[in-house]
Amino acid sequence: MNDETIPASNFIRSIIDADIAANKNQGRVATRFPPEPNGYLHIGHAKSICLNFGIAEDYQGTCNLRFDDTNPHKENIEFVEAIKRDVHWLGYDWGERVYYASDYFEQLYDYAVQLIKKGKAYVCDLTPEQTREYRGTLTKPGKDSPYRDRSMEENLDLFARMRAGEFKDGEKILRAKIDMAASNMNLRDPAIYRIRHGAVHHQTGEAWSIYPMYDFTHCLSDSIEGITHSLCTLEFEDHRPLYDWFLDELEVECHPQQIEFSRLELEYTITSKRKLTRLVEEGRVEDWDDPRMPTIAGMRRRGYPPAAIRDFCERIGVTKSSNNVEMGVLENCVREDLNVHAPRRMAVLHPLKIVIENYPEGQSEELEAPNHPQNEEMGTRRIPFSRELYIDREDFREEAPKKFKRLVTGGEVRLRNAYVIRCDEVIKDGAGDIIELRCSYDPDTLSKNPEGRKVKGVIHWVSAGHAIAAEVRLYDRLFSHPHPDAAKEGGEFTDHLNPESLLTLTHCYLEATLADVLPGGHFQFEREGYFCVDPDHSRERPIFNRTVTLRDSWARIEKKNG
RNA sequence: UGGGGCGUCGCCAAGCGGUAAGGCACUGGGUUUUGAUCUCAGCAUGCGCAGGUUCGAAUCCUGCCGCCCCAGCCA
């Protein structure tokens with residue numbers, strides 16, 4: 001990583017520091033990022049990716065990419081590919097170390113046999129419903145399954161036949177024999193293998209009809225890969241005793257340490273894969289990469305730079321406390337990165353035609369404009385100026401509210417990178433709507449202030465005859481409620497979808513230099529915000545997405561004044 | 001009311017017995033041909049609450065209170 005920032009420490013890094021000081025694992029650090037390929041990666045995963053890969057980088061360790069693919073009914077290869085693409089795009093590289101839990105199916109099977117031989121696992125014939133009844137409740141202990149004391153030989157035989165496909169889905173499961181009265185529900189003889197016929201696994205095809213469960217698979221996969229620190233979110237804290245139980249009971253050479261941290265809660269978004277899947281499947285958004293989605297693919301299309309997302313993950317920290325991060329933090333990271341890297345351009349989103357009456361008809365000239373006000377190295381560009389221009393309707397008022405410093409009737413304003421103009425006349429149509437402004441310019445104000453008066457306002461513009469027409473998509477938060485999940489009685493998160501999360505402007509005018517851009521390019525449209533070129537963009541049909549607005553203190557003043 | 005966690009500024013978050021870092025947000029000033037950027041200043045006598053130990057407590061002890069997670073053959 002070429003980040004210049006020094007990573008902030010956190011309790012996990014402290015644990016690793018102590019482990020290294022104690023020469024635990026011979027000072028080796030090995031982490032892993034273990035996504036299940038049943039959906040796209042989102043901002044919450046980004047936190048985990050940055051943590052795991054970030055630690056590996058900083059401790060000269062390794063971080064494996066491992067697909068937790070033990071549930072063929074929900075997983076598919078499209079998600080595998082998308083995940084790889086997104087992790088790479090975020091800026092991390094797993095080298096040759098991409099693994100699949102399914103790589104270990106054979107070993108896992110052997111481990112299960114080992115457990116049976118130790119009398120620590122048994123085949124259970126209870127139906128799913130019965131299993132639930134036998135499990136007990138939070139306050140009541142469960143009771144032993146009638147199949148709990150089957151002989152080792154019978155268990156071995158039954159388990160082999162499960163694998164051979166002799167039983168139907170749900171007919172039998174393999175369970176760990178622990179303690180049906182444990183106060184920790186996870187220890188009440190958890191399932192470790194279930195039967196799944198008819199699924200074509202994206203890696204193993206139809207080779208298996210039994211699949212291992214998460215708790216059994218995860219700790220052993222970590223162990224097999226020699227992971228030292230297995231980082232996961234808080235909801236797995238209750239699973240840690242089980243994680244350790246399997247590794248203690250089985251003969252393994254490596255017993256990784258599971259450490260839990262709290263998952264990211266970001267205001268105005270959801271990070272439940274189930275719910276994100278619903279948004280896609282119900283057509284509430286275009287797809288997984290819809291710029292409004294909190295997915296990595298969505299943020300990419302929205303124009304968020306990967307460095308900004310990494311910076312965000314750095315700033316929010318890693319703790320075990322419940323958190324509630326404001327959207328402003330993420331947006332600020334995006335602005336900070338783009339402010340430095342995005343070349344400036346001018347684009348008029350809500351065009352209002354103006355005619356400079358004292359500028360000769362048919363004439364035009366090229367004005368030089370810097371690509372970045374603070375960075376000369378980014379160079380300059382030439383933009384055409386002529387008699388007919390477009391400015392934004394927002395930048396003109398017939399009567400100025402107080403503190404308004406843009407164009408008003410009879411008033412002057414600076415055209416960015418060009419001359420000072422005055423509005424002499426307002427032309428309206430039959431309905432009373434303003435359709436054009438007649439103005440005059442002061443030829444002696446190029447790169448200098450006018451004589452004897454102060455012009456405070458500066459607005460952007462484009463030359464009508466040279467501008468290119470484009471579609472500009474203005475995105476806003478997908479939800480109008482900071483906690484979409486906090487639905488009231490009978491409601492659900494979709495009730496809080498923001499109906500104005502996408503505003504498509506089809507008649508925008510951009511300065512001519514924007515004609516040759518490529519998808520993925522970032523620009524600041526001065527005074528409007530940061531925009532990026534959409535993947536669907538073409539020279540014939542230019543499409544830009546608004547990544548984020550500029551900070552807008554005028555909007556706040558206006559709001560305050562009602 | 002079983003078990004496991006968490007409670008420090010509006011939001012994140014340092015702190016680990018020696019008298020409350022930092023970031024975001026916010027407020028005010030300066031620079032500015034982006035009401036942007038940049039910059040300067042301000043912003044917790046207080047650390048969920050109540051007791052206790054101590055010369056000294058956000059940090060240790062006790063008891064409360066609040067919030068989150070767990071009863072998938074999901075991960």
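Given the structure is predicted, the values throughout are model-derived calculations rather than measurements. No hydrogens, no waters, no symmetry mates; every other heavy atom, side chains included, goes into these values. Convention: sequence-line order gives letters A, B, ...; per-chain numbering from 1.
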### Query
Taking only residues two or more places apart in sequence or in another chain, which ones pass salt bridge (charged side-chain N to carboxylate O under 4.0 Å, His left out) with A:D442?
A:R453
### Task
Grab the CG-P distance between A:D395 and B:rG35 for me, whole Å please.
9 Å
### Task
Give a yes/no on whether any side-chain N or O of A:S321 is located under 4.0 angstrom from OP1 or OP2 of B:rA13.
yes
### Query
Do A:E260 and B:rG5 share a donor-acceptor pair, side chain to base, under 3.5 Å?
no
### Message
Going by side-chain hydrogen bond (donor to acceptor under 3.5 Å, both in side chains), name the residues that satisfy it together with A:D444, two or more places apart in sequence or in a different chain.
### Response
A:K448
### Message
Looking at A:T139, I'd like to know whether one of its side-chain N or O atoms comes within less than 4.0 Å of OP1 or OP2 on B:rU1.
### Response
no
### Task
Look at all strands and tell whether A:K405 reaches a base, only sugar-phosphate, or nothing, counting heavy atoms closer than 4.0 Å.
base
### Pairing residues for A:K47 by the salt bridge (charged side-chain N to carboxylate O under 4.0 Å, His left out) criterion, not counting sequence neighbours
none
### Message
Check this one for me: any side-chain N or O of A:R556 less than 4.0 Å away from OP1 or OP2 of B:rC26?
### Response
yes
### Query
Is a donor-acceptor pair below 3.5 Å formed from side chain A:R406 to base B:rG35, judging by atom type as modelled?
yes
### Task
Could you tell me which nucleotide pairs with B:rC64 by Watson-Crick or G-U wobble geometry, both distances under 3.5 Å, or answer none if nothing does?
B:rG48
### Query
Who is the Watson-Crick or G-U wobble partner of B:rU31, with both distances under 3.5 Å?
none
### Task
Apply salt bridge (charged side-chain N to carboxylate O under 4.0 Å, His left out) to A:E260 and list each qualifying residue two or more places apart in sequence or on a separate chain.
A:R240, A:K320
## Note on the structure
Whole-Å distance, A:E265 CD to B:rC67 C1', equals 13 Å
### Query
Applying a 3.5 Å limit to both distances, which nucleotide forms a Watson-Crick or G-U wobble pair with B:rG72?
none
### Query
Between B:rA14, B:rG3, B:rG5, which one does the side chain of A:E237 approach most closely?
B:rG5
Contacts under 3.5 Å, N or O only, protein and nucleotides 20-23 of chain B:
none

### Donor-acceptor pair under 3.5 Å, A:E528 side chain vs B:rU34 base
no
### Query
How many Å lie between CG on A:L550 and C1' on B:rU34, as a whole number?
7 Å
### Query
Is the shortest side-chain N to carboxylate O distance from A:R13 to A:D17 below 4.0 Å?
no
### Query
Between A:R551 and B:rU37, does any side-chain N or O lie under 4.0 Å from OP1 or OP2?
yes
### Task
Both distances under 3.5 Å, Watson-Crick or G-U wobble: report the partner of B:rA57, or none.
none
### Query
RNA chain B: A:Y419 or A:Y530, which has the more 5' nearest nucleotide?
A:Y419
### Message
Going by purine N1 to pyrimidine N3 plus the second Watson-Crick contact, or the G-U wobble pair, all under 3.5 Å, which nucleotide sits opposite B:rG42?
### Response
B:rC26
### Message
Just the rounded figure in Å: distance from P of B:rC68 to CG of A:L138.
### Response
15 Å
### Query
Counting side-chain heavy atoms from C-beta on, which of B:rU34, B:rG35, B:rG4 comes nearest to A:D238?
B:rG4
### Message
Once hydrogens and angles are ignored, does a donor-acceptor distance under 3.5 Å link the base of B:rG35 to the side chain of A:D552?
### Response
no
List, with names and distances, any nitrogen or oxygen atoms from the protein found under 3.5 Å away from nitrogen or oxygen atoms belonging to nucleotides 73-75 of chain B.
residue	atom	partner	partner atom	Å
B:rC73	OP1	A:R135	NH2	3.3
B:rC73	OP2	A:R135	NH1	3.1
B:rC73	N3	A:G170	O	3.4
B:rC73	N4	A:L126	O	2.8
B:rC73	N4	A:P128	N	3.1
B:rC73	N4	A:G170	O	3.0
B:rC74	OP1	A:R196	NH2	3.1
B:rC74	OP2	A:R194	NE	3.1
B:rC74	OP2	A:R194	NH2	2.9
B:rC74	OP2	A:R196	NH2	2.3
B:rC74	O3'	A:R194	NH2	3.2
B:rC74	O2'	A:N71	ND2	3.0
B:rA75	OP1	A:T70	OG1	2.6
B:rA75	OP1	A:R194	NH1	3.3
B:rA75	OP1	A:R194	NH2	3.0
B:rA75	OP2	A:Y214	N	3.0
B:rA75	O3'	A:D68	OD2	3.2
B:rA75	N6	A:H239	NE2	3.3

